[in-house]
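What follows is one structure encoded as structure tokens, with my remarks underneath.
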Amino acid sequence: MRMFTKVLAFSGALLLLSGCQALSSTSFTRDLAYTDTGVHRPDEFPILHATGYAVISRQPGRTEAEREIMAMRASKVDAYRELTEQVNGLYLKATTTVSGNTAQARDSVRSEVEGYVHGARVIRQYPVGDTYATELELDTKIIYDLYDIRGAL
């Protein structure tokens with residue numbers, strides 16, 4: 001039994017080593033170009049824009065002024081969420097229930113966004129009827145410079 005275990009372990013190690021050798025000789029690694037830091041400085045830095053909205057009358061608050069302040073905050077968070085989608089991407093999960101080879105009316109789509117947004121600035125905040133809007137701008141060069149200063153590039 002011990003001999004069988006040793007032979008099995010040796011065979012597994014040999015298989016792993018030969019698999020690594022095959023992977024290292026593939027050509028896709030030669031097509032990628034890296035700098036010393038692993039990140040290329042882009043030729044252009046786009047400026048991203050996002051607008052967030054919040055309905056004033058739906059906000060919690062005892063007075064109209066309190067509801068408007070809450071809508072200002074909510075619209076700003078909504079704008080940051082939109083910027084985060086642009087910078088970090090959006091995770092989508094969709095499901096469809098199928099029973100008896102036919103699709104049911106139980107489709108669902110869920111989205112999530114998570115990430116950091118550094119260096120964005122508020123361009124404008126203003127009411128539009130019963131809605132409050134916040135416009136943000138993010139110069140991607142600021143993001144690049146912040147990471148460069150931190151030594152993360």
Side-chain angles (χ1 to χ4, degrees), residues 12 15-153:
L15 183 62
L16 284 174
L17 289 175
S18 65
C20 291
Q21 183 180 8
L23 285 176
S24 66
S25 65
T26 57
S27 63
F28 70 88
T29 55
R30 286 179 282 174
D31 297 335
L32 300 176
Y34 294 99
T35 62
D36 292 337
T37 60
V39 177
H40 288 285
R41 180 181 177 89
D43 295 330
E44 293 182 28
F45 292 95
I47 296 176
L48 306 177
H49 297 273
T51 305
Y53 302 96
V55 178
I56 297 169
S57 62
R58 304 271 304 170
Q59 302 304 314
R62 290 172 291 188
T63 66
E64 183 68 22
E66 287 178 354
R67 286 190 288 277
E68 190 168 323
I69 290 171
M70 294 302 288
M72 289 170 67
R73 291 179 180 173
S75 67
K76 187 175 180 182
V77 169
D78 189 46
Y80 270 102
R81 179 201 47 80
E82 186 177 324
L83 267 182
T84 305
E85 288 177 8
Q86 293 178 47
V87 172
N88 299 303
L90 181 67
Y91 173 78
L92 288 175
K93 181 177 182 180
T95 59
T96 302
T97 303
V98 177
S99 177
N101 293 334
T102 58
Q104 303 293 311
R106 294 189 194 148
D107 289 342
S108 67
V109 177
R110 180 179 173 198
S111 65
E112 287 183 22
V113 63
E114 182 178 341
Y116 294 102
V117 175
H118 300 281
R121 65 185 192 107
V122 175
I123 301 300
R124 287 179 35 183
Q125 283 191 304
Y126 52 93
V128 181
D130 189 36
T131 303
Y132 215 88
T134 299
E135 296 177 13
L136 295 179
E137 172 180 279
L138 177 63
D139 185 348
T140 55
K141 183 169 184 334
I142 293 173
I143 297 172
Y144 185 88
D145 291 342
L146 286 171
Y147 279 103
D148 193 27
I149 288 169
R150 293 180 183 151
L153 294 178

Any side-chain heavy atom of [X] sitting closer than 4.5 Å to one from [Y]?
X: Leu138; Y: Val117; result: yes
X: Leu48; Y: Thr140; result: yes
X: Leu83; Y: Glu137; result: no
X: Met70; Y: Arg58; result: no
X: Ile142; Y: His118; result: no

Which distance, rounded to the nearest 0.5 Å, do you find between the [atom1] of [X] and the [atom2] of [Y]?
X: Thr134; Y: Asp78; atom1: OG1; atom2: CG; answer: 8.5 Å
X: Lys141; Y: Asp148; atom1: NZ; atom2: CG; answer: 8.5 Å
X: Glu68; Y: Met72; atom1: CD; atom2: CE; answer: 7.0 Å
X: Glu85; Y: Ser111; atom1: CD; atom2: OG; answer: 6.5 Å
X: Tyr116; Y: Thr84; atom1: OH; atom2: OG1; answer: 11.0 Å
X: Glu64; Y: Ile56; atom1: CD; atom2: CD1; answer: 6.5 Å

Over all atoms of both residues, closest heavy-atom pair of [X] and [Y]:
X: Gln86; Y: Ala50; result: NE2-CB, 4.0 Å
X: Gly119; Y: Leu146; result: N-CD1, 4.5 Å
X: Val122; Y: Lys76; result: CG2-CE, 3.9 Å
X: Arg81; Y: Val113; result: CG-CG1, 3.7 Å

inquiry  = Whether the Glu135 and Tyr126 side chains hold a donor-acceptor pair (N or O, under 3.5 Å, no angle test) is what I'd like checked.
reply    =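 Yes.
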ask   = So, Arg67 side chain and Gln59 main chain: donor-acceptor pair closer than 3.5 Å or not?
value =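 Not at all, since once roles are kept as given, no pair shorter than 3.5 Å links the two residues.
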query = Taking the six-membered ring where the residue is Trp, are the ring centres of Tyr53 and Tyr132 under 6.0 Å apart?
reply =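 Centroid distance Tyr53-Tyr132: not below 6.0 Å, so no.
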